Amino acid sequence: MDKVQLHPTGFIDPKDPSNPTKYLAPEAIRGSGGIMVNDEGERFVNELDLRSVVAKAIQNHCAPYKDGDYTCPPFAWCILSEPAQKLFGAPVIDFYKNRLGLFEHCADVKAAASLIGCSEGTLIKTLKSYEEAAQVGNCPTTQKDIFPAMITPDSQNLILCRVTPSIHYTMGGININAAGEVQERIESIVGHHRHIRRLFAAGEVTGGLHGNNRLAGNSLLECVVFGRIAGERAATIDTPSEVMFPYTESDTHLKDESTGWFSVVLREMRNTDKKYGINTREARFNLDGSLQCTGLDIGQYVAVRGEIDGETLMGYFSPITRPTDEGVIGILCRVDARGGPITKLLQHIRPGSTIQMRAMGGLRIKFHPKPNPHITFRGKTIRRIGLLAGGTGIAPMLQIIRAYGNFVLQNGPDAVTPHGLNLIYAAEEESDLAYMKILETLRDTFPLHFRFYVVLNRPPTGWYQGVGFIEPMDIRKRLVYPPTDEDMVVMCGPPVFEMAMRKTLFHLGFNSSQWFSFAADDNISAHL
């Protein structure tokens, strides 16, 4: 819980003053012209000031409420004249006064002073000062300059209630994600939260949703919106299949384009300009079940398609969520012209929208845990991995790097070769770079295992890394060289980038069994 919001006017029920649950005296009780006095009959605050100011004034200038042996926190009396009652509304007064018994009627000021327990002379003096302030439009004591309704020493048929600051709303509380799943904080290389399985929350218990102050009237809206979302996701816990995309060792099923498509619902679209790069967004989609995993391998990618204005659009993405993440799959996309035609669809959809997704081919690298930790690709053991990324081709590389880091943490540094993972990342200019903070964190966390080098075609002033294009010398010095049967180079980027990299690798003595090119993968090249 981060903050507690006090409402200055919670009704004290004279029949049950010790009850900790209070009916809220709405803002309109003061906005209609009700004035507030302490047990001595004196005003002490501008009734129309901020809730925090009015609540603090009651605590500082009013006496505790006493009822026999029971003493409650400080309280004030709120007095409504006949004009104020008219503004407040007869139906509202009927509810609070006649049905709940929270208001008491006083024929005149003398009766009001008797109910309050103060001097009649003091109360008359207070009301006279208020009348004079209203006539000139300013109260010199409280700086009040708006007077919705008049009250004078001669006012009759007054109604009075007792009010005390009460907890109205909590800011902060349980942390949830966009699916209503309760989050716990974890120590992780990338990301610091994960959901607690089978636990959902909605409403005020979650708090924090509106920042430092809630939006007026949003409590029920928050319960209804997130309650519905949380309920829908909780109902998917018993989804029979443990994986969204059925696993197949080969990709022969992809030759039939009519099969393997699954509907996914957009959970949220995150603005990632600062986190991943300018004009990028992370689209996170719900899997069918909240406990389902994708069933994809590390390096495997997906196809996304949808229809807009009668046109079917399709794109290919490497998930930036992990294959073991439950209930969600996330993709990083560009929202400018460089993102391709699929950008039109991704900019159009909103949370709750449904599109189709299909597991495709890809690298499909496997990390085998203890007791015999090792890395394989197509049945061959891999000791060193070189990554060549161009532009948005960095996305699958991040998945590989994260998996490699977790592999080291789980199996120890002896499970891998020193500096066994190296990345060269090429982009047009610095604003095109994505994941840089994450890459730097991974490099700093695994200084003996992961290195990366950036090459920019149009670098900024003071740039100290590569300039132009990836040269053979860059691969010799910073990737894996000379090539061995236990080395592998993965490349992803625009087709022209990958074609140039394949030629460079060939001239350096690499053969086709020692590299994997996403653009040359049969399952995607047929669609390009």
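Computed from heavy atoms alone, side chains included, the values below leave out hydrogens, waters and symmetry copies. Model, not experiment: these values are computed from the prediction.
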Can you find a pair of side-chain heavy atoms, one from [X] and one from [Y], that are under 4.5 Å apart?
{"X": "Ile394", "Y": "Tyr425", "result": "yes"}
{"X": "Phe285", "Y": "Val265", "result": "no"}
{"X": "Ile342", "Y": "Phe317", "result": "yes"}
{"X": "Lys97", "Y": "Ile159", "result": "yes"}
{"X": "Thr343", "Y": "Leu346", "result": "no"}
{"X": "Arg162", "Y": "Phe11", "result": "no"}
{"X": "Val182", "Y": "His195", "result": "no"}
{"X": "Leu266", "Y": "Arg284", "result": "no"}

Any donor and acceptor pair, going by atom type alone, linking the side chain of [X] with main-chain N or O of [Y] inside 3.5 Å?
{"X": "Asp108", "Y": "Gln156", "answer": "no"}
{"X": "Gln399", "Y": "Arg322", "answer": "no"}
{"X": "Glu42", "Y": "Thr126", "answer": "no"}
{"X": "Ser290", "Y": "Gly327", "answer": "no"}
{"X": "Arg350", "Y": "His348", "answer": "yes"}
{"X": "Thr445", "Y": "Thr441", "answer": "yes"}
{"X": "Asn38", "Y": "Gly41", "answer": "yes"}
{"X": "Arg233", "Y": "Ala235", "answer": "no"}
{"X": "Thr9", "Y": "Val163", "answer": "no"}
{"X": "Ser32", "Y": "Ile29", "answer": "no"}

Can you tell me how far the [atom1] atom of [X] sits from the [atom2] atom of [Y], to the nearest 0.5 Å?
{"X": "Glu282", "Y": "Asn271", "atom1": "CD", "atom2": "CG", "value": "11.0 Å"}
{"X": "Leu442", "Y": "Ile401", "atom1": "CG", "atom2": "CD1", "value": "6.5 Å"}
{"X": "Met244", "Y": "Gln292", "atom1": "CE", "atom2": "CD", "value": "6.0 Å"}
{"X": "Met357", "Y": "Ile331", "atom1": "CE", "atom2": "CD1", "value": "5.5 Å"}
{"X": "Trp77", "Y": "Cys62", "atom1": "CH2", "atom2": "SG", "value": "11.5 Å"}
{"X": "Lys128", "Y": "Ile124", "atom1": "NZ", "atom2": "CD1", "value": "11.0 Å"}

Considering all heavy atoms of both residues, which atom of [X] and which atom of [Y] are nearest to each other, and what is their separation?
{"X": "Ser318", "Y": "Tyr301", "result": "OG-CB, 3.9 Å"}
{"X": "Gly180", "Y": "Ile229", "result": "N-CG2, 4.4 Å"}
{"X": "Leu313", "Y": "Pro341", "result": "CD1-O, 3.6 Å"}
{"X": "Phe44", "Y": "Ala76", "result": "CZ-CB, 3.8 Å"}
{"X": "Glu181", "Y": "Phe200", "result": "CG-CE2, 3.5 Å"}
{"X": "Phe450", "Y": "Leu439", "result": "CE2-O, 3.8 Å"}

Flag if over 12 foreign heavy atoms under 6.0 Å of [atom1], [X]:
{"X": "Phe262", "atom1": "CZ", "result": "yes"}
{"X": "His105", "atom1": "NE2", "result": "yes"}
{"X": "Glu429", "atom1": "CD", "result": "yes"}
{"X": "Ile237", "atom1": "CD1", "result": "yes"}
{"X": "Asp238", "atom1": "CG", "result": "no"}
{"X": "Ile146", "atom1": "CD1", "result": "no"}

Run the salt-bridge test on [X] and [Y] with the 4.0 Å N-O cut-off and return the result as yes or no.
{"X": "Glu326", "Y": "Arg194", "value": "no"}
{"X": "Arg51", "Y": "Glu27", "value": "yes"}
{"X": "Lys22", "Y": "Asp13", "value": "no"}
{"X": "Lys110", "Y": "Glu120", "value": "no"}
{"X": "Lys144", "Y": "Glu47", "value": "yes"}

Under the side chain to side chain donor-acceptor pair (under 3.5 Å) rule, what do Ser166 and His168 come out as? Steps first, then yes or no, please.
CA-CA 6 Å; Ser166 305; His168 182 217; over 6 Å; no
Between Thr354 and Ser263, does the side chain to side chain donor-acceptor pair (under 3.5 Å) criterion hold? Intermediate values first, please.
CA-CA 6 Å; Thr354 299; Ser263 295; over 6 Å; no
Applying side-chain hydrogen bond (donor to acceptor under 3.5 Å, both in side chains) as the test, list every pair that has at least one member in residues 78-93; sequence neighbours left out.
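Counting only pairs at least two positions apart or across chains, the side-chain hydrogen bond (donor to acceptor under 3.5 Å, both in side chains) contacts touching residues 78-93 are Glu82-Asn157.
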Residues Asp49, Asn46; criterion side chain to side chain donor-acceptor pair (under 3.5 Å); working and verdict:
CA-CA 5 Å; Asp49 213 325; Asn46 174 0; 4.6 Å; no
Any chance you could lay out the side chain to side chain contact (heavy atoms under 4.5 Å, CB included) test for Gln59 and Leu6, step after step, and finish with the verdict?
CA-CA 11 Å; Gln59 293 172 330; Leu6 287 182; 3.7 Å; yes
Stepwise side chain to side chain contact (heavy atoms under 4.5 Å, CB included) check, Asp297 with Gln300
CA-CA 5 Å; Asp297 284 326; Gln300 194 173 358; 3.9 Å; yes
Assess whether side chain to side chain contact (heavy atoms under 4.5 Å, CB included) is satisfied between Thr294 and Val243, documenting all intermediate values.
CA-CA 5 Å; Thr294 61; Val243 298; over 6 Å; no
Phe103 vs Tyr96 aromatic rings, parallel, tilted or perpendicular, using cut-offs 30° and 60°?
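Geometry flag for Tyr96 against Phe103: perpendicular rings.
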Parallel, tilted or perpendicular, as decided by the 30° and 60° cut-offs, for the rings of Phe407 and Tyr404:
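Answer is tilted, since the angle falls between 30° and 60°.
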Arg267 and Asn286: CA distance, side-chain angles, deciding distance, side chain to side chain donor-acceptor pair (under 3.5 Å) verdict:
CA-CA 6 Å; Arg267 173 186 295 188; Asn286 286 331; 2.6 Å; yes
CA sep, side-chain torsions, deciding dist, call: Leu80, Arg30, side chain to side chain contact (heavy atoms under 4.5 Å, CB included)
CA-CA 9 Å; Leu80 274 71; Arg30 292 173 286 128; over 6 Å; no
